[in-house]
Amino acid sequence: MSESPIQLGDYSRVVFFTGAGISAESGVPTYRGKGGIWKEYDYEQYACQDAFDRDPEAVWEFHNYRRQLVADCKPNTGHEIIAAVEQRGAQVTVVTQNIDGLHQRAGSERVLELHGSLWKVRDELSGFVKEQFDVPFQAQIDYAHWWRPDIVWFGDSLRGDVVREAVSAIESCDLFVSIGTSAVVYPAAELPYHARDRGAVCVEVNPEQTRLSSIYDHCIRATASDALRAMI
Ligand code: APR
């Protein structure tokens, strides 16, 4: 890919807003489009509070399947370039919709997980959250008491503190790079507007057009790794 109109070294406060597309090259299925996981699994059966209350065992069978799948994947060049930009000294914030933890495994330190993490579990009675990397994880505490996956399911609210921190970073950045999101899930899909309204240079990296493409200054129709290689 030829050099990009955007060179990351020209900016000092960068937000990378990422979706499932950045992990596609690591082998983690996206949610929609070709090979999307929601084409295979009905999220209302496996990824919402009602399903968990109704059949925690089935929800955990799906969740452990996803944990195993992701545990077998590695960060790709896209994750690694984002981590390198942070290590190079720019003020970088990763605001991710992903729950796979691949940004952290690539070395990114300032990562805001809007939709939680595959690698955290929550005790719904106490609210206690802990990191948990066993694959599979035996989630049943006792007869009717299970650890809950600490992820934001459809119908859940996002954590206010995480959203506030994300909005603060987005409203003070000079470069906002959206990578690999279809921009169809709210409230995350609203975040790019904050960057545009505050005058950041806004870039969309996605092989396909999205319903938000028109708000960006630059749309790079490429994969995450190809686009980031040309920007570094
Ligand atoms: N590089 C960049 N983008 C890619 C690549 C790639 N190699 N491969 C696919 N894409 C793009 C697709 O064109 C698509 O627009 O990534 C996007 C993935 O879209 P989704 O599967 O909808 O994922 P995402 O936008 O992250 O979903 C948002 O929906 O199901 C919920 O909570 C879940 O966080 C998720 C949210």
Side-chain angles (χ1 to χ4, degrees), residues 1 4 6 15-49 51-52 59 62-63 65-67 69-70 73-82 94-103 106 111-120 148-159 162-163 166 176-192 203-216 218-232:
M1 185 179 168
S4 161
I6 297 289
V15 167
F16 292 99
F17 175 62
T18 64
I22 195 166
S23 296
E25 294 163 85
S26 294
V28 180
T30 58
Y31 293 95
R32 300 168 184 85
K34 202 161 49 359
I37 200 157
W38 295 145
K39 290 193 176 322
E40 199 182 337
Y41 288 90
D42 173 3
Y43 69 79
E44 289 180 318
Q45 299 295 317
Y46 297 101
C48 69
Q49 191 65 43
F52 182 64
V59 168
F62 172 66
H63 203 61
Y65 158 71
R66 295 219 64 205
R67 286 161 63 100
L69 187 83
V70 171
C73 296
K74 290 186 177 40
N76 63 59
T77 305
H79 297 108
E80 288 163 355
I81 288 174
I82 288 173
V94 177
V95 177
T96 189
Q97 299 170 85
N98 298 342
I99 59 176
D100 57 32
L102 290 181
H103 282 298
V111 180
L112 299 174
E113 294 175 309
L114 294 171
H115 294 165
S117 170
L118 273 175
W119 307 113
K120 286 183 183 162
R148 182 205 195 276
D150 191 39
I151 61 175
V152 176
W153 279 324
F154 288 95
D156 291 351
S157 306
L158 275 63
R159 276 188 36 193
V162 175
V163 173
F176 179 88
V177 187
S178 167
I179 305 177
T181 181
S182 59
V184 296
V185 174
Y186 287 79
E190 270 166 353
L191 292 177
V203 181
E204 178 185 64
V205 173
N206 194 322
E208 294 171 14
Q209 184 167 334
T210 70
R211 59 180 66 180
L212 243 57
S213 294
S214 61
I215 77 162
Y216 288 93
H218 303 277
C219 289
I220 301 174
R221 294 287 168 247
T223 62
S225 53
D226 283 349
L228 285 163
R229 268 193 214 100
M231 294 164 81
I232 196 152

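Keep in mind that this is a model prediction, so the values were computed, not measured. When a ligand or atom number is given, it counts from 1 through the structure's own listing order.
- Residue F154 has no nitrogen or oxygen atom sitting less than 3.5 Å from a nitrogen or oxygen atom of ligand 1, judged on distance alone.
- Residues passing the side-chain contact (heavy atoms from CB on, under 4.5 Å) test with E44, sequence neighbours excluded: D42.
- Among all protein heavy atoms, the one lying closest to atom 1 (N) of ligand 1 is A224 N, 3.0 Å.
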| task | Show the numbers, then the answer: is there a side chain to side chain donor-acceptor pair (under 3.5 Å) between N76 and S225? | result | CA-CA 8 Å; N76 63 59; S225 53; 5.4 Å; no
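- Of the polar atoms of G19, none of the N or O atoms is found under 3.5 Å from an N or O of ligand 1, judged by distance alone.
- Within the structure, ligand 1 lacks Y43 among the residues with a heavy atom less than 4.0 angstrom away.
- Between Y31 and W38, the ring planes lie tilted relative to each other; the angle falls in the 30° to 60° range.
- By the 3.5 Å distance cut-off applied to N or O atoms, P207 is not counted among the residues near ligand 1.
- Protein heavy atom at the shortest distance from atom 36 (C) of ligand 1 is V185 CG2, 3.7 Å.
- From the protein, the heavy atom lying nearest to atom 17 (C) of ligand 1 is G180 O, 3.4 Å.
- Evaluated by nearest non-hydrogen atom to atom 29 (O) of ligand 1, the leading choice among Q97, K34, R32, E204 is R32.
- S182 has its side chain out of reach of E208: every pair of non-hydrogen atoms, C-beta onward, lies at least 4.5 Å apart.
- Considering only non-hydrogen protein atoms, atom 30 (O) of ligand 1 sits nearest to W38 NE1, 2.9 Å.
- Here T30 contributes atom OG1 and I22 contributes atom CD1; the two are 13.5 Å apart, rounded to the nearest 0.5 Å.
- For atom 34 (O) of ligand 1, the nearest non-hydrogen atom of the protein is H115 ND1, 2.9 Å.
- Protein heavy atom at the shortest distance from atom 26 (O) of ligand 1 is A20 N, 2.8 Å.
- Without hydrogens or angle criteria, R159 side chain to L114 main chain gives no donor-acceptor distance under 3.5 Å.
- Atom CG in L212 sits 10.0 Å away from atom CG in L191 (nearest 0.5 Å).
- Atom 7 (N) of ligand 1 has E25 OE2, 3.3 Å as its closest protein atom, hydrogens excluded (heavy atom only).
- For atom 14 (C) of ligand 1, the nearest non-hydrogen atom from the set N206, I22, T30 belongs to N206.
- The option with the heavy atom closest to atom 6 (C) of ligand 1, from among G21, A189, S178, is G21.
- In this structure the side chain of R66 reaches within 4.5 angstrom of the side chain of V28, judged on heavy atoms.
- Close approach to A24 involves these atoms of ligand 1, each under 4.0 Å from a residue heavy atom: 8 (N).
- Here the heavy atom of the protein found nearest to atom 35 (C) of ligand 1 is Y31 CE1, 3.5 Å.
- Just one residue in the list Y46, F52, W153 forms a ring-ring contact (aromatic ring centres under 6.0 Å, His included) with F62, and that residue is Y46.
- Not a single donor-acceptor pair under 3.5 Å links the side chain of R211 to the backbone N or O of V184.
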